[in-house]
Engineer: 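One structure follows; several queries about it will come next.
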Number of protein chains: 2
Amino acid sequence: MQEVAILGVGQTAVREHWDLAIRQLAVDAGRAAMLDADLSKVDAIFVGNMTSGRLNKQHQLGALIADHLGQWGVEAVKLEAACGSAGSAMRQGYLAVASGEIEAALVIGVEKMTETNFKETTAALTGAADADYEVIHGITFVGLNALIMRRYMHEYGYTRHDFAPFALNAHANGAKNPNAMFREPITEKMYDRGRVVADPISLYDASPIGDGAAALLLVPASKAPQAVRVIGSSVSTDTLAIHDREDTLWLKAAEQSARQAYAQAGIGPDDVDLFELHDAFSIMAALSLETCGFAERGQGVRVAQAGDILPNGRIPICTMGGLKGRGHPVGATGLYQIAEATLQLRGEAGEAQIDGARIAMTQNIGGSGATIATHILQRP
Amino acid sequence: MQEVAILGVGQTAVREHWDLAIRQLAVDAGRAAMLDADLSKVDAIFVGNMTSGRLNKQHQLGALIADHLGQWGVEAVKLEAACGSAGSAMRQGYLAVASGEIEAALVIGVEKMTETNFKETTAALTGAADADYEVIHGITFVGLNALIMRRYMHEYGYTRHDFAPFALNAHANGAKNPNAMFREPITEKMYDRGRVVADPISLYDASPIGDGAAALLLVPASKAPQAVRVIGSSVSTDTLAIHDREDTLWLKAAEQSARQAYAQAGIGPDDVDLFELHDAFSIMAALSLETCGFAERGQGVRVAQAGDILPNGRIPICTMGGLKGRGHPVGATGLYQIAEATLQLRGEAGEAQIDGARIAMTQNIGGSGATIATHILQRP
């Protein structure tokens with residue numbers, strides 16, 4: 001195993017890209033990462049994507065994107081773990097370079113969700129849950145998260161309003177990110193008046209779908225001493241069906257994945273300067289903070305209320321908008337997180353810059369906690 | 001990079017498994033591989049699958065299968081490269097073990113294609129081709145292969161009848177494999193009378209869809225000196241759209257992938273004792289023989305006619321039925337090939353045994369040659 005570095009970063013804005021095919025989104029981000037790394041040839045391409053087979057009627061994105069990037073003949077494959085697809089692609093790119101078999105790996109997350117009708121998109125997203133034991137009852141993916149949030153409120157005595165700080169922080173940070181889908185801060189009043197999507201989840205508790213692609217170029221750290229290094233990489237899993245878990249309010253896979261990544265990096269939560277977590281829904285942000293060691297059980301919401309998650313707080317989260325503010329093109333999100341963390345560590349995050357950031361953690365979640373990919377990055 | 005060995009093999013029969021969910025098929029094959037290896041715990045699971053998101057409405061197969069195999073918490077992910085998904089999963093499992101990061105990797109290919117209507121299955125399979133430039137014209141995947149076969153016949157002066165030896169060999173071999181979907185040899189007369197599916201491809205030129213799963217358990221070779229070793233592993237890609245290729249009758253990715261695998265193994269085509277190639281259609285078998293060095297250009301059909309591909313021939317192919325005789329559960333096929341090759345090298349192929357087999361090659365193809373995964377195995 002050799003150390004791995006992130007030599008290039010690229011991303012498209014998250015939007016409703018009516019005029020760009022899925023291959024073009026991927027090529028735009030991939031080419032940007034290659035230009036950033038000043039490399040014109042890579043040895044392998046790992047594509048994270050969830051729904052292309054169903055929504056875009058296109059399989060085999062690996063070979064397709066390799067071709068359209070002009071990387072003819074290179075090894076390429078798509079990886080899928082629902083909304084955790086891009087974090088999983090990062091993990092495979094990491095392993096390929098760490099093994100010494102691949103010199104330069106291009107990892108691309110891409111998703112195009114807005115060209116079909118929303119009913120079909122919503123149906124496709126339920127594929128992240130257990131089709132035979134959860135979805136068959138007619139529940140949506142938002143509905144499953146609403147059940148978890150309701151239980152959390154019941155167990156620890158919170159109201160809907162208590163979750164507002166997560167949404168306020170995400171949108172305030174998204175406003176500073178030119179690639180974010182939503183670039184306006186929101187107020188507490190707006191949050192409280194947000195329409196209910198699936199009680200108790202309201203509009204500002206839920207991240208928006210979107211079209212977009214993010215890419216990284218990975219090389220051995222020995223070849224790029226000035227580049228951001230990947231010092232922790234771990235994937236862990238849990239049951240898809242929430243009713244199969246011993247504890248509905250504990251992301252066991254997040255705890256395990258974070259613990260493994262901490263051990264590999266030789267650090268603990270106190271050493272993390274910013275945390276790009278998977279705030280697909282506000283409740284997921286609270287649970288991630290708790291399971292990864294940034295808050296006591298049931299105190300994720302309190303930590304947010306205390307201001308710890310703000311850019312100048314103890315553990316800034318979603319520093320460039322998170323899933324809520326930047327947008328959530330599901331199979332691309334995990335690489336947006338790592339791209340943003342890399343920019344932070346390089347000091348290139350513009351208005352969103354966290355001063356003195358040295359170590360960043362990212363965590364990408366597939367389903368309601370079934371696949372969790374945690375990565376820890378360090379400034380050179 | 002450390003050497004990798006295949007410690008366990010498992011498979012389900014290829015059938016129309018109306019009574020088994022996709023997770024159950026995967027669990028049956030995975031558990032069989034673990035029992036075969038005498039291991040009760042693995043460190044990572046790599047799942048090859050093409051159409052689960054569309055046909056089974058189920059994403060995130062990695063975590064789902066890890067859970068149902070009782071491998072709670074382990075790293076898991078799905079890999080997709082159309083019909084080359086399982087070969088691609090093998091490649092990632094190989095890299096994970098070779099890197100030293102993963103001690104025991106379970107690689108499972110699974111596909112359940114017969115529970116939806118055939119029109120939907122046919123539509124899903126077109127996702128292996130270029131959705132925007134090929135499929136939009138209304139052509140099916142069989143249709144694309146028919147165009148290649150027609151061109152081949154035109155260019156080299158063959159008739160439909162000349163392709164019969166591929167079908168006869170596959171079905172004769174499938175008759176000896178208890179897991180094969182079709183267990184009856186066919187006659188030349190049957191071949192000639194086969195109904196046309198997409199002119200000039202007739203019934204016996206096309207492999208059948210099916211439900212099934214195959215699995216391998218990979219470990220470092222140093223831990224299993226008596227196990228079959230993986231001495232070559234390579235994936236290469238080409239354009240999805242056939243009209244984008246310089247030469248329609250040359251599988252460039254197959255040539256490159258085989259060349260890399262030969263180099264890694266330190267062997268050439270003459271050293272290969274059996275070749276599990278991807279005979280989704282007869283024309284693909286002919287092209288694979290040519291591009292991998294077993295026949296001169298345009299002579300793949302002649303080599304078959306000369307009997308070289310038979311079990312006692314120079315280069316036996318599809319020794320346990322191939323895609324045509326065993327059946328083609330698309331995202332599982334690449335691992336059926338490697339499982340069968342492993343049984344051959346262990347001398348456990350029963351009636352289908354190739355005497356003295358020492359080195360076997362497998363080649364899994366996604367699309368009409370867009371993703372090619374080649375593996376070379378050696379008897380310990």
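Here is the naming used below: chain letters follow the sequence lines, and residue numbers restart at 1 for every chain.
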Engineer: Which residues in residues 109-124 of chain A have any heavy atom closer than 4.5 Å to a heavy atom of chain B?
Structural biologist: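 If one takes a 4.5 Å heavy-atom cut-off, the residues of residues 109-124 of chain A near chain B are A/Ala124.
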
Engineer: Quick check on B/Trp72: does its CH2 atom have over 12 non-hydrogen neighbours (other residues, nucleotides or ligands) under 6.0 Å away?
Structural biologist: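 Atom CH2 in B/Trp72 is not crowded, with 12 or fewer foreign heavy atoms closer than 6.0 Å.
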
Engineer: Of all of B/His68, B/Gln71, B/Gln58, which one pairs up most often with chain A through heavy atoms under 4.5 Å apart?
Structural biologist: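 Result: the option with the highest number of such pairs is B/Gln58.
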
Engineer: Drop me the distance from A/Met50's CE to A/Thr333's OG1, to the nearest 0.5 angstrom.
Structural biologist: 11.5 Å

Engineer: B/Ala129 versus chain A, heavy atoms under 4.5 Å apart: side chain, backbone, both or neither?
Structural biologist: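 Backbone only.
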
Engineer: Distance check, rounded to the nearest 0.5 Å: B/Gln24 atom CD versus A/Asp132 atom CG?
Structural biologist: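 Those atoms lie 11.0 Å apart.
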
Engineer: For the candidates A/Leu95, A/Thr239, A/Asp130, A/Ile372, which exhibits the highest count of non-hydrogen atom pairs separated by less than 4.5 Å from chain B?
Structural biologist: A/Asp130

Engineer: Highest number of heavy-atom pairs under 4.5 Å with chain B: which of A/Leu64, A/Val47, A/Leu55?
Structural biologist: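 Ranked by heavy-atom pairs under 4.5 Å with chain B, first place is A/Leu64.
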
Engineer: Looking at B/Lys41 and B/Glu103, is there a salt bridge between them, counting it only when a charged N and a carboxylate O are closer than 4.0 Å?
Structural biologist: no

Engineer: Is there a side chain to side chain contact (heavy atoms under 4.5 Å, CB included) between B/Lys78 and B/Ile65? Walk through the geometry before answering.
Structural biologist: CA-CA 10 Å; B/Lys78 159 175 161 170; B/Ile65 293 167; over 6 Å; no

Engineer: Could you pull out all residues at least two apart from A/Gln92 that satisfy side-chain hydrogen bond (donor to acceptor under 3.5 Å, both in side chains)?
Structural biologist: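 Partners of A/Gln92 by the side-chain hydrogen bond (donor to acceptor under 3.5 Å, both in side chains) criterion come out as none, since no residue qualifies.
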
Engineer: Of all of A/Ala89, A/Ser234, A/Gly367, A/Ser99, which one pairs up most often with chain B through heavy atoms under 4.5 Å apart?
Structural biologist: A/Ser99

Engineer: Considering only heavy atoms, which portion of B/Ser85 lies under 4.5 Å from any heavy atom of chain A: side chain, backbone, both, or neither?
Structural biologist: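 For B/Ser85, there is no contact with chain A at all, as no heavy atom is under 4.5 Å.
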
Engineer: Answer with side chain, backbone, both or neither: which region of B/Ile102 has an atom nearer than 4.5 Å to a non-hydrogen atom of chain A?
Structural biologist: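 Side chain only.
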
Engineer: Going by an N to O cut-off under 4.0 Å, is there a salt bridge joining B/Arg23 and B/Asp67?
Structural biologist: no

Engineer: For B/Asp238, which atoms come within 4.5 Å of any heavy atom of chain A: side chain, backbone, both, or neither?
Structural biologist: backbone

Engineer: Distance check, rounded to the nearest 0.5 Å: A/His375 atom NE2 versus A/Tyr94 atom OH?
Structural biologist: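 Reported value, rounded in 0.5 Å steps: 8.0 Å.
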
Engineer: So which of B/Gly73, B/Ala81, B/Ser236 has the largest heavy-atom pair count under 4.5 angstrom toward chain A?
Structural biologist: B/Gly73

Engineer: Would you check if A/Val4 and A/Arg229 make a side-chain contact, meaning some heavy-atom pair closer than 4.5 Å?
Structural biologist: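 Result no, sub-4.5 Å side-chain heavy-atom pair not found.
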
Engineer: I'd like to verify something: which residue of A/Met1, A/Lys57, A/Glu80, A/Arg54 has the highest number of heavy-atom pairs under 4.5 Å with chain B?
Structural biologist: A/Glu80

Engineer: Looking only at atom types and distance, does a side-chain atom of B/Glu3 sit under 3.5 Å from a main-chain N or O of B/Val230, one as donor and one as acceptor?
Structural biologist: no

Engineer: Considering the options B/Val330, B/Ile22, B/Ile108, B/Leu79, which one meets the side-chain contact (heavy atoms from CB on, under 4.5 Å) requirement together with B/Asn49?
Structural biologist: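 The single option meeting the side-chain contact (heavy atoms from CB on, under 4.5 Å) with B/Asn49 is B/Ile22.
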
Engineer: B/Ala370: which residues meet the side-chain contact (heavy atoms from CB on, under 4.5 Å) condition with it, sequence neighbours left out?
Structural biologist: A/Gln60, A/Ala63, B/Leu240, B/Arg245

Engineer: Considering only heavy atoms and a distance below 4.5 Å, find which of B/Gly62, B/Ala44, B/Ala98, B/Ala76 pairs most often with chain A.
Structural biologist: B/Ala76

Engineer: Among residues 252-265 of chain B, which residues come closer than 4.5 Å to chain A, judged by heavy atom distances?
Structural biologist: B/Gln256

Engineer: Report the option among B/Ala128, B/Gly100, B/Ala66 that has the most heavy-atom pairs separated by less than 4.5 Å from atoms of chain A.
Structural biologist: B/Ala128

Engineer: Atom CD1 in A/Ile376, atom CD1 in A/Ile231: separation rounded to 0.5 Å?
Structural biologist: 6.0 Å

Engineer: Using 0.5 Å steps for rounding, measure from the CG atom of B/Leu125 to the CG atom of B/Leu144.
Structural biologist: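 So the gap between those two atoms works out to 12.0 Å.
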
Engineer: Between B/Thr237 (side chain only) and A/Val74 (backbone N and O only), is there a donor and an acceptor less than 3.5 Å apart?
Structural biologist: yes

